[in-house]
Amino acid sequence: MSDVPESPPRSWAEVDLSALRHNLVAARGLSDQQVMAVVKASAYGHGLEAVACALEQEEIAFFGVANVGEARRLSKTGVRTPIYLLGGTFPTEREEVVAQRWLPCLNTMEEARHFDELARHGGTVVEAHLTVDTGMGRGGFLPGDAPAALEAIRTLPGIQVTGLGSHLPSADEDSEFTHDQFEAFDSLVESLPRRNELRHVHLANSAGLLGYRSRTTTLVRPGLLLYGVSPLDGHGTTLRTVMTLKSRVAVIRDLPAGHGISYGRTHVTTRPTRVGTIGIGYGDGYPRALSNHMPEVFIRGHRAPLLGRVTMDQVMVDLTDHPGCDTGDEVELFGPNIPVEEVASRAGTIPWEVFTSITPRVERVYSG
Ligand SMILES: *Cc1c(COP(=O)(O)O)cnc(C)c1O
């Protein structure tokens with residue numbers, strides 16, 4: 001890509017912001033609800049500031065972050081889109097949340113009372129959403145307790161409850177449970193008094209948005225989908241790849257049959273083998289768990305198999321069948337030619353973790 005630096009880093013991630021915006025349009029095509037763009041964990045490793053700035057003009061209802069540190073970073077960029085904290089806050093963080101007008105989700109009465117106290121002390125009112133635990137087990141009020149909690153919190157003068165949310169534990173794994181969960185959530189919302197005061201009702205992550213419909217929600221919270229990956233099979237065709245992880249061939253050597261490759265010598269050549277050494281490893285976030293699970297990389301229009309274990313800074317690939325390869329050649333570790341889902345599954349993990357594991361050593365290079 002044109003804006004790779006003159007003296008390039010050994011490995012870098014190309015992030016296509018026009019693909020990100022394309023995926024937002026695709027997400028919007030699935031429902032007429034508002035969108036909270038989930039940008040936690042540095043926008044799934046794509047870069048919090050760049051992703052937020054790329055989406056700032058797109059009429060996003062909220063940016064969803066995991067914690068106060070991420071909210072701070074977002075605020076510093078100057079974005080005007082409201083910032084929503086997806087998880088619980090520590091008591092020491094709450095004064096800043098109130099002062100900065102970030103939106104907390106309320107998980108307990110204790111949290112609500114503390115926010116109320118801080119807001120009244122500061123002469124203000126905190127806008128917040130109530131979290132209901134309909135199956136995730138991570139936070140929020142149980143459905144049986146939620147109506148009373150909502151009533152109680154509504155009596156607190158320092159808090160204005162403008163929304164209600166819940167989360168899906170199994171939308172990409174268990175459709176029966178998830179259909180029941182949607183039904184239970186919708187029934188609960190329908191049973192609440194003064195329901196119209198809850199302007200933002202939300203349940204769906206990417207899989208929930210792709211595979212399910214709600215009668216009551218007004219807002220969806222896609223993360224992975226925006227980054228071009230579908231958590232549900234057969235839904236990815238309209239999405240575009242946002243991140244391409246790349247490196248270069250540093251060394252090419254011809255080794256005889258019977259030569260060990262990498263730590264543990266788990267691979268021993270069975271034929272005279274042309275071995276390319278690539279400048280990326282688990283120190284860059286390329287998963288060590290890929291070792292000996294037959295991962296492939298993409299080089300000069302072909303797939304080439306990895307040999308032996310992933311080391312901290314380098315991996316070895318078999319270039320015997322691709323004699324045209326040269327040192328300095330670009331190598332795609334994942335991207336349009338090697339789906340990140342494939343890398344994740346060979347590494348025994350999920351695309352979310354592959355994205356968020358890419359370390360700061362990997363320079364993010366933006367286009368679009
Ligand atoms: C991370 C997260 C999301 C986004 O999930 P995806 O599966 O990446 O779409 C949505 N809601 C909550 C509460 C989350 O923590």
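Both ligands and their constituent atoms are indexed starting at 1 by order of listing.
Comment: Glu151 engages Arg154 in a salt bridge, judged by a side-chain N to carboxylate O separation of less than 4.0 angstrom. A salt bridge does not link Arg28 with Glu59: every distance from a Lys NZ or Arg NE/NH1/NH2 to an Asp or Glu carboxylate oxygen is 4.0 Å or more. The existence of a salt bridge linking Arg73 and Glu49 is confirmed by a sub-4.0 Å separation between a basic side-chain nitrogen and an acidic carboxylate oxygen. Checked for salt-bridge contact, Lys40 and Glu70 miss the test: no charged N lies under 4.0 Å from a carboxylate O.
With ring centers used as reference points, Phe62 lies 6.0 Å or more from His202.
Below 4.0 Å from some heavy atom of Pro222 lie the following atoms of ligand 1, by number and element: 9 (O).
Annotation: atom 7 (O) of ligand 1 to nearest protein heavy atom, Trp352 NE1, 3.3 Å. The protein non-hydrogen atom at the shortest distance from atom 11 (N) of ligand 1 is Arg221 NE, 2.8 Å. Protein heavy atom closest to atom 8 (O) of ligand 1, with residue, atom name and distance, is Tyr44 OH, 2.5 Å. Annotation: atom 9 (O) of ligand 1 to nearest protein heavy atom, Ser206 OG, 2.5 Å. Here the protein heavy atom with the shortest distance to atom 2 (C) of ligand 1 is Lys40 NZ, 2.5 Å.
In this structure, Leu86 is part of the shell of residues with a heavy atom less than 4.0 angstrom from ligand 1. Contact between Pro231 and ligand 1 is absent, with no heavy atom of the residue lying under 4.0 Å from the ligand.
For a threshold of 3.5 Å applied to N or O pairs, the pair formed by Gly223 and ligand 1 contains at least one separation below that value. Geometrically, ligand 1 and Leu224 share a nitrogen or oxygen pair separated by less than 3.5 Å.
Looking only at distances, a side-chain donor or acceptor of Thr218 sits under 3.5 Å from a matching main-chain atom of Arg199. A distance-only check finds a donor-acceptor pair linking the side chain of Thr320 to the backbone of Arg274 [under 3.5 Å].
If you look at Met136 next to ligand 1, there are no close heavy atoms at all, none under 4.0 Å.
The heavy atom nearest to atom 12 (C) of ligand 1, out of those in His202, Met36, His167, is found in His167.
With Val331 as the fixed residue, the side chain to side chain contact (heavy atoms under 4.5 Å, CB included) test singles out one of Val317, Val297, Ile338, Val315: Val297.
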